[in-house]
Amino acid sequence: MLEITYVRGDATVPSVKGGKVIAHVCNDIGGWGKGFVLALSRRWPQPEAAYRAWHRDRARNDFALGAVQLVEVGRSLWVANMIGQHGIRTGSKGVPVRYEAIDTALARLAGEVIERGASVHMPRIGCGLAGGTWSRVEPLVTERLVGRGIAVTVYDHAGGGR
């Protein structure tokens, strides 16, 4: 069976052949401006523009926890904006990460990735500003993606580790 591949590097620059989806977690309030999204925005304007339009028109679309928006940014290259955190701050209701929303988004993403014959590339989603723990997210990635035969690479910046 496949396993998640861990590498040091930049998830916005996947260096494998074939279709690639860069997956990351977004909040449900329309905020884009800290964390991994800054790296995405430095490379492409489309993911942020699409996310902001998706949020702005949320009364008429599926924008909600667990939703996924695929944005094409290059030839056989997409960014998956996955709504997996409620709000942006840790407070009385705990951290913003919503594991059940990440699980739902990953399940939805799997079909799209399989249809495109792509692999998935990501940072440790939900574990930065969202406040989640990889020990809770990793099994979701394994079940929803790897378990369906999808190659997944998780990128840690220098200094990060498994």
Side-chain angles (χ1 to χ4, degrees), residues 1-16 18-43 47-48 51 55 62-71 77-114 116 118-162:
M1 181 168 141
L2 286 174
E3 290 185 357
I4 297 171
T5 300
Y6 291 88
V7 299
R8 287 188 195 273
D10 182 350
T12 68
V13 192
S15 61
V16 299
K20 296 171 275 294
V21 174
I22 299 168
H24 72 109
V25 167
C26 301
N27 62 65
D28 64 352
I29 62 168
W32 181 291
K34 289 187 177 178
F36 184 69
V37 299
L38 295 178
L40 290 171
S41 290
R42 278 193 295 273
R43 293 191 54 81
E48 178 180 359
Y51 169 79
H55 176 262
D62 67 343
F63 185 96
L65 286 168
V68 178
Q69 178 190 54
L70 277 167
V71 182
L77 179 62
W78 298 267
V79 170
N81 293 332
M82 302 187 303
I83 310 301
Q85 74 179 70
H86 179 60
I88 57 173
R89 290 189 171 55
T90 298
S92 61
K93 294 190 187 334
V95 294
V97 70
R98 294 296 181 264
Y99 297 109
E100 57 285 344
I102 291 175
D103 187 45
T104 299
L106 289 170
R108 289 176 174 160
L109 180 63
E112 298 287 343
V113 170
I114 290 168
R116 289 165 170 76
S119 55
V120 175
H121 304 267
M122 64 176 69
R124 292 182 188 238
I125 58 170
C127 298
L129 296 171
T133 61
W134 188 244
S135 63
R136 297 263 320 262
V137 177
E138 183 184 42
L140 304 177
V141 173
T142 299
E143 179 182 347
R144 297 301 186 179
L145 301 178
V146 178
R148 292 195 59 192
I150 298 167
V152 175
T153 303
V154 171
Y155 294 75
D156 288 313
H157 270 80
R162 188 171 187 195

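Because only heavy atoms are used, hydrogens play no part in the values below, and waters and symmetry mates are left out as well, while side chains stay in. Everything numeric here is computed off the predicted structure, so don't read it as measured data.
With a 4.5 Å cut-off on side-chain heavy atoms, S119 and T153 do not count as touching. V120 places none of its side-chain heavy atoms less than 4.5 Å from the side chain of V141. Using a 4.5 Å cut-off on side-chain heavy atoms (C-beta onward), E138 and I4 make contact. Contact check for I114 versus R148: side-chain heavy atoms found under the 4.5 Å cut-off. Side-chain contact check for L129 versus I88: every heavy-atom pair is 4.5 Å or farther apart. Counting only heavy atoms from C-beta outward, the side chains of V13 and R43 approach each other to under 4.5 Å. Put simply, the side chain of R42 does not reach to within 4.5 Å of the side chain of T12, judged on heavy atoms. V154 places a side-chain heavy atom less than 4.5 Å from the side chain of R124.
Listed here is the closest heavy atom pair of L38 and G33: CD2-O, 3.3 Å. Of all heavy-atom pairs spanning H157 and R8, the tightest one is O-NH1, 3.9 Å. Across every non-hydrogen atom of V21 and A80, the tightest pair is CG1-CB, 3.7 Å. Across A67 and D62, no two heavy atoms sit closer than the pair CB-O, 3.2 Å. Here the closest heavy-atom approach between residue A23 and residue P123 is recorded as O-CD, 3.5 Å.
Here CZ of F63 is found 9.0 Å from CD1 of I29. Values are rounded to the nearest 0.5 Å. The CG atom of L106 sits 13.0 Å away from the OH atom of Y99 when rounded to the nearest 0.5 Å. One distance of note links CD1 of I83 with CD of Q69; it measures 7.5 Å at 0.5 Å rounding. Separating the CG atom in D156 from the CG atom in D10 is a distance of 12.0 Å, to the nearest 0.5 Å. Distance check: D103 CG to E143 CD gives 6.0 Å after rounding to the nearest 0.5 Å. A distance of 11.0 Å separates NE2 of H55 from SG of C26, quoted to the nearest 0.5 Å.
Classification of the Y6-W134 ring pair by plane angle, with boundaries at 30° and 60°, yields perpendicular.
Exactly one residue among M82, R116, R108 makes a side-chain contact (heavy atoms from CB on, under 4.5 Å) with L70. That residue is R116. With H24 as the fixed residue, the ring pair (Phe, Tyr, Trp, His ring centres under 6.0 Å) test singles out one of W78, W32, Y51, Y155: W32.
Checked by atom type and distance alone, the side chain of N81 pairs as donor or acceptor with a backbone atom of P47 at under 3.5 Å. Side chain of Q85 to backbone of G87: a donor-acceptor contact under 3.5 angstrom is found.
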Item checked: Worked verdict on L65 versus T104 for side-chain contact (heavy atoms from CB on, under 4.5 Å) -> CA-CA 8 Å; L65 286 168; T104 299; over 6 Å; no
